[in-house]
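Every chain is numbered from 1, with letters handed out A, B, ... down the list of sequences.
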There are 2 protein chains.
Amino acid sequence: MASARVTLPQVAARAGVSLGSASRALNGNGASPAMVARVQAAARELGYQPDATGRSLRLRRTFQIAFAVADIGNPVYVEMLTAIQEVVAERGYRLVVATTGSTTGSTIEMVQGLSSGLVDGLVISPLRVDAALVTELRAASMPVVVIGRTLAGEAFDAVSTDSARGIGQAVAHVLGLGRRRLGFLNGPLDTTPGEARQRGFDLAVGREDYPGDSVDSEVAEDFTVTAGLVGARALLARNLARGAGLDAIVAANDLLAIGAIKAARELGLRVPQDVAVTGMDDTEIGKVFAPTLTSVSLRSSERGRAAAELLLSRLEEPGRDARRVFVEPALEVRESTLDAGGAA
Amino acid sequence: MASARVTLPQVAARAGVSLGSASRALNGNGASPAMVARVQAAARELGYQPDATGRSLRLRRTFQIAFAVADIGNPVYVEMLTAIQEVVAERGYRLVVATTGSTTGSTIEMVQGLSSGLVDGLVISPLRVDAALVTELRAASMPVVVIGRTLAGEAFDAVSTDSARGIGQAVAHVLGLGRRRLGFLNGPLDTTPGEARQRGFDLAVGREDYPGDSVDSEVAEDFTVTAGLVGARALLARNLARGAGLDAIVAANDLLAIGAIKAARELGLRVPQDVAVTGMDDTEIGKVFAPTLTSVSLRSSERGRAAAELLLSRLEEPGRDARRVFVEPALEVRESTLDAGGAA
DNA sequence: CCGTCGGTTGGAAACGTTTCCAGCCGATCG
DNA sequence: CGATCGGCTGGAAACGTTTCCAACCGACGG
């Protein structure tokens, strides 16, 4: 393998022209047609492949962008990754995936590691945010697009959604179904999504005209099915013991919701007849689950795509003002809240 | 953002030493303790970050490796990606994800694009393989590790499993449950996994002592839930019409299996009581599905990890002989084949 | 017919790093 | 006490590319 690389000087020699001319000919800058033909022929004969490192060094661009994410196992991030990959590949960029770890400390380390001219820009969707991370991101020697909470007052390009409002939609939906004893199954409160979704729930059930009878919240260890199962067991058992079992669980994401459905079934409860369950993120897994999962779509693909486009546009126009893209949450009603009767 | 980069000459100047000494001091090669201290101090004061492109150009290594995959949406590949990422990150490498497209033509293009010194090595799990692709991979100017069919007679490092045998295990399992009318739901036959799994099924049901009554196969459009749903509808309907409905469906992967379960339910069939269903790949989604899915594990994480380790070891020792790692398939029995009675 | 201009070309510099090479110094050994 | 050796250092070259600059050519206009 790995026959010795053929370099541009070799191509130039073969074509009998100077190095500079060869470069111009291949990049289509001010070279005569005859020159272009000669050089291209020589390049083809030799099997010339331009070297990315030499080119990057000179150009000060790598045509790589990074997507940094806490947990690549989460389907939401995979969806974003797919969308980002699609957009950037089309424009000739490559995608580097970087795992941040769940703490801000390890995220900062990762950002520093990336700040070596290795990538031209960064899309980051941080689970946890603090001042140090914001500082680090501002200091980064490359454009950054944040997916998630728009960092207060910061001049970052950002893509955000209103997941608090999304939780509100889910609450309104189950109330509309006549459910009155609501449980909220959340992930860690010190995460950006956990905090926002809790706020959304508290707001929705705190309204003057709230018609529900009881509310209860449970915080799972993280945003996974297993944690959801454990959390929902506690949530359901607690309310059952209290004499008035829950008739609806609003979960902070689809994985938690699936955990909740499994927990409900363990107790012999039917979904949705006995307990309606809603998720959030509208992931593929929820769409194929049985029952199919009512979920608040935060349009992860769209957010990924928007973030990628924001980043590319900034690479083209570095000086422009920071831009923010908002994506509206939208409730997708499916079987997990739809009684056989079909009341909506 | 983007304050002007500080370069090594600047650090050297600040420390009052030569460029070469500064480099040696930072890389820990033959520099006096005093020198190291001075240079590190200067570097810290200036916030020096070594430039990856300059370093790569000189070193002829980028410390990046690529993972090329047809469809990053498939959970199997996500699992591999996670494992690979973990291994390489630990050794100081970064992971670039490359999407190949499903044809060999687009895969070849992608390999060529990567052959620009941008990555030090490549892990590829091709869906379809032909002679041209093999040629291209051999000619690639970097080490390649193949996950999947070991390319006949080729000197690639490879990680493979015997998915044909895995299908055999699934068939044996449902036969052991007393099922006698088997359907096989496969993906496209011109793919590497499709071909192998079909072979496995045909072999398993073609044995002299095969006790089953009937067999039937259906080829879905691709390896997705939707395609599985469509394919399984046809498969089930066809056999129902024939008077003897299937009592087991062996699917070529978990997504197809989930499609099959949905199709069975549409027809009012219970899983597993009326129809037992098995999948393959043992993905997360199958583990949380209701019913949980009996599946043949091909140990995707393990394969990813092995591939990454193979690649890193080759980077350290370029001349060594090609190595192959085999991973045994293993059946994971869950609810989708387990009658309430619990017969195994 | 000569000057000028636009289009092309060759040569050289530059991007930021690592490493080779030669020279220096102090120390050790004969 | 002198020669030699080892450890460090400074300087320079090299990795492969793009682009600047100066020079050249033919053609066109005055």
Side-chain angles (χ1 to χ4, degrees), chain A residues 2-40 42-43 46-64 92 113 115-120 141-142, chain B residues 2-40 42-43 46-64 92 113 115-120 141-142:
Chain A
S3 50
R5 280 205 81 75
V6 22
T7 68
L8 200 47
Q10 295 173 31
V11 174
R14 172 88 168 214
V17 303
S18 79
L19 170 59
S21 299
S23 173
R24 279 184 297 258
L26 293 178
N27 296 323
N29 275 337
S32 67
M35 172 71 76
V36 171
R38 286 183 70 159
V39 175
Q40 282 185 345
L46 267 46
Y48 172 67
Q49 271 280 5
D51 179 86
T53 56
R55 162 181 270 248
S56 296
L57 177 59
R58 177 62 222 230
L59 254 30
R60 315 223 47 68
R61 309 187 57 181
T62 59
F63 295 95
Q64 294 198 115
S115 297
S116 48
L118 197 114
V119 296
D120 296 341
S141 60
M142 63 194 157
Chain B
S3 51
R5 282 204 79 74
V6 22
T7 68
L8 199 48
Q10 295 173 30
V11 174
R14 172 89 170 214
V17 303
S18 79
L19 171 59
S21 300
S23 172
R24 278 186 297 257
L26 293 178
N27 297 322
N29 275 337
S32 66
M35 172 71 78
V36 171
R38 287 183 69 157
V39 174
Q40 282 185 345
L46 267 46
Y48 173 68
Q49 271 281 2
D51 180 85
T53 58
R55 160 181 271 247
S56 295
L57 177 59
R58 175 63 222 230
L59 254 31
R60 312 220 51 66
R61 309 187 59 180
T62 59
F63 296 95
Q64 295 199 112
S115 297
S116 44
L118 198 113
V119 296
D120 296 341
S141 58
M142 62 194 159

- Note on the structure: Rounded to whole Å, CG of A:L26 lies from P of D:dT19 at a distance of 13 Å
- Query: Please give, in whole Å, the distance from D:dT18 C1' to A:F63 CZ?
  - Reply: 12 Å
- Can you give one letter per nucleotide of nucleotides 5-16 of chain D, 5' to 3': B if a protein heavy atom sits under 4.0 Å from the base, S if only from the sugar-phosphate, - if neither? ---SBBB-BBBB
If I take atom [atom1] from residue [X] and atom [atom2] from residue [Y], how far apart are they, to the nearest 0.5 angstrom?
X	Y	atom1	atom2	result
B:L8	B:Q49	CG	CD	12.5 Å
A:S116	A:M142	OG	CE	8.0 Å
B:Q64	A:Q64	CD	CD	4.0 Å

- Task: Write out all pairs satisfying salt bridge (charged side-chain N to carboxylate O under 4.0 Å, His left out) with one or both partners inside residues 53-64 of chain A, taking only residues at least two apart or from two chains.
- Result: A:R60-B:D51
- Message: Determine whether a donor-acceptor pair (N or O, by modelled atom type, separation under 3.5 Å) exists between the side chain of A:R38 and the backbone of A:A15.
- Response: yes
- Query: Quick one: does A:T62's side chain have a donor or acceptor within less than 3.5 Å of a partner on A:L118's backbone?
  - Reply: yes
- Please report the closest heavy-atom contact between B:T53 and A:S56, naming both atoms and the distance. CG2-CB, 3.7 Å
- Query: Given the rule in the side-chain contact (heavy atoms from CB on, under 4.5 Å) test, do A:S21 and A:V39 qualify, once you have shown the distances and angles that lead to the verdict?
  - Reply: CA-CA 9 Å; A:S21 299; A:V39 175; 5.8 Å; no
- Item | Runs of at least three consecutive pairs that involve DNA chain C, where pairs are Watson-Crick or G-U with distances under 3.5 Å | C:1-30 with D:1-30
